[in-house]
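Notes for the one structure printed next.
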Amino acid sequence: DCKLTSALELPAHVTLDGGGHTITLTGDAEGFESAAIRTTGGDILNLTVDGGHLLPLAPACFAAITLAAPGRITHTTVRNIQFSEDAHAAVGIEVAAFDSAVAAVQDITLENISGSGLLLTGTSRVNVERVSSTGVTAAMQVHGSVTAQIMSVEVEHANVGVLAQDQSRVRIHASDA
């Protein structure tokens, strides 16, 4: 387990395997710029990210984890990303897929996020399997013209289950959202 006070950048083809440990985000969210953990073309797995020690003031936009495809996030929990001012500033996990690159998100838990639990954006494809979301404003938000294949989503205590915007194409299977 460790604490993170500034952004962690993972380069392409690098895997962050948390081994079941927790990274606790601390301090002012503005200090992370737009995201705490960022990867372009890498993988994140077996990790918990906890924002319970972030200051409650909202930055313009903040994501605990961002992934630019290709890449995958598996067996990962994001929790306690809460800001008191703007509910739309907080994002648990943001996945962007452009230029025919594909991303995968599997076995994800999202808890207590005052914005979007999972934000999918881009022009390519994102495959999502087995997401559990509790206490978020919007469990999943799909934006742009991304194609999202979503399987097995459980949503509890959310204002919105799945929000599809713009020209996004969403196919949902086995979901209670």
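The shown structure was predicted, so the numbers you read here are calculated from the model rather than taken from an experiment. Basis for what follows: all heavy atoms, side chains included, without hydrogens, waters or symmetry-related copies.
Side-chain contact between Asn127 and Val102 is present, with heavy atoms from C-beta onward closer than 4.5 Å. At a threshold of 4.5 Å between non-hydrogen side-chain atoms, the residues Leu47 and Leu16 count as touching. Residues Glu129 and Val105 fail the side-chain proximity criterion, which asks for heavy atoms closer than 4.5 Å. The shortest side-chain heavy-atom distance between Ile44 and Ile37 falls under the 4.5 Å cut-off. Side chains of Phe83 and Ile113 form no contact here, defined as non-hydrogen atoms less than 4.5 Å apart. Counting heavy atoms from C-beta outward, Leu118 and Val128 have side chains that approach closer than 4.5 Å. At least one side-chain heavy atom of Val146 sits under 4.5 Å from a side-chain heavy atom of Val126. Looking at heavy atoms from C-beta onward, Phe32 lies in side-chain contact with Leu25 at the 4.5 angstrom threshold.
Atom CD1 of residue Ile81 and atom CG of residue Asn112 lie 10.0 Å apart, to the nearest 0.5 angstrom. How far CZ of Arg125 is from OG1 of Thr147: 8.0 Å, rounded to the nearest 0.5 Å. Of the inter-residue distances, the one linking His157 atom NE2 with Thr134 atom OG1 reads 7.0 Å to the nearest 0.5 angstrom.
Contact record, Thr66 with Ala35: CG2-CB, 3.6 Å, taken as the closest heavy-atom pair. Summarising the geometry of Ala139 relative to Leu110, their closest heavy-atom pair is O-CD1, 4.2 Å, with the distance given to 0.1 Å. For the residue pair Val49 and Ala64, the shortest heavy atom distance occurs at CG1-CB, 4.0 Å. The heavy-atom pair separating Ala148 from Leu120 by the smallest distance is CB-CD1, 3.9 Å. Summarising the geometry of Ala7 relative to Arg38, their closest heavy-atom pair is CB-NH2, 2.7 Å, with the distance given to 0.1 Å. Residues Leu67 and Pro70 share a closest heavy-atom pair of CD1-O, 4.3 Å.
For Asp1, the side chain to side chain contact (heavy atoms under 4.5 Å, CB included) partners are His21, Thr22, not counting sequence neighbours. Checked against side chain to side chain contact (heavy atoms under 4.5 Å, CB included), Thr121 has the following partners two or more places apart in sequence or in another chain: Glu94, Ala96, His143.
No side-chain donor-acceptor contact under 3.5 Å links Ser116 to the backbone of Met140. Side-chain atoms of Thr123 never come within 3.5 Å of backbone atoms of Ser145 as a donor-acceptor pair (strictly under, hydrogens ignored). A donor-acceptor pair is defined here as one N or O able to donate and one able to accept, closer than 3.5 Å; no such pair exists between the side chain of Glu154 and the backbone of Ser133. Between the side chain of Asp28 and the backbone N or O of Glu30, at least one donor-acceptor pair lies under 3.5 Å.
Applying the side-chain hydrogen bond (donor to acceptor under 3.5 Å, both in side chains) test to pairs two or more places apart or on separate chains, those with a residue in residues 44-53 are Asp17-Asn46, Asp50-Arg79, Asp50-Asn80.
Leu8 and Ile73 fall within a single hydrophobic cluster, where Ile, Leu, Val, Met, Phe, Trp and Tyr are joined by side-chain heavy atoms under 4.5 Å apart, directly or via other members.
Around CZ of Arg130, the count of heavy atoms belonging to other residues, nucleotides or ligands within 6.0 Å exceeds 12.
When each of Val153, Val78, Ile65, Ile93 is tested with Ile108 by the rule side chain to side chain contact (heavy atoms under 4.5 Å, CB included), just one qualifies, namely Ile93.
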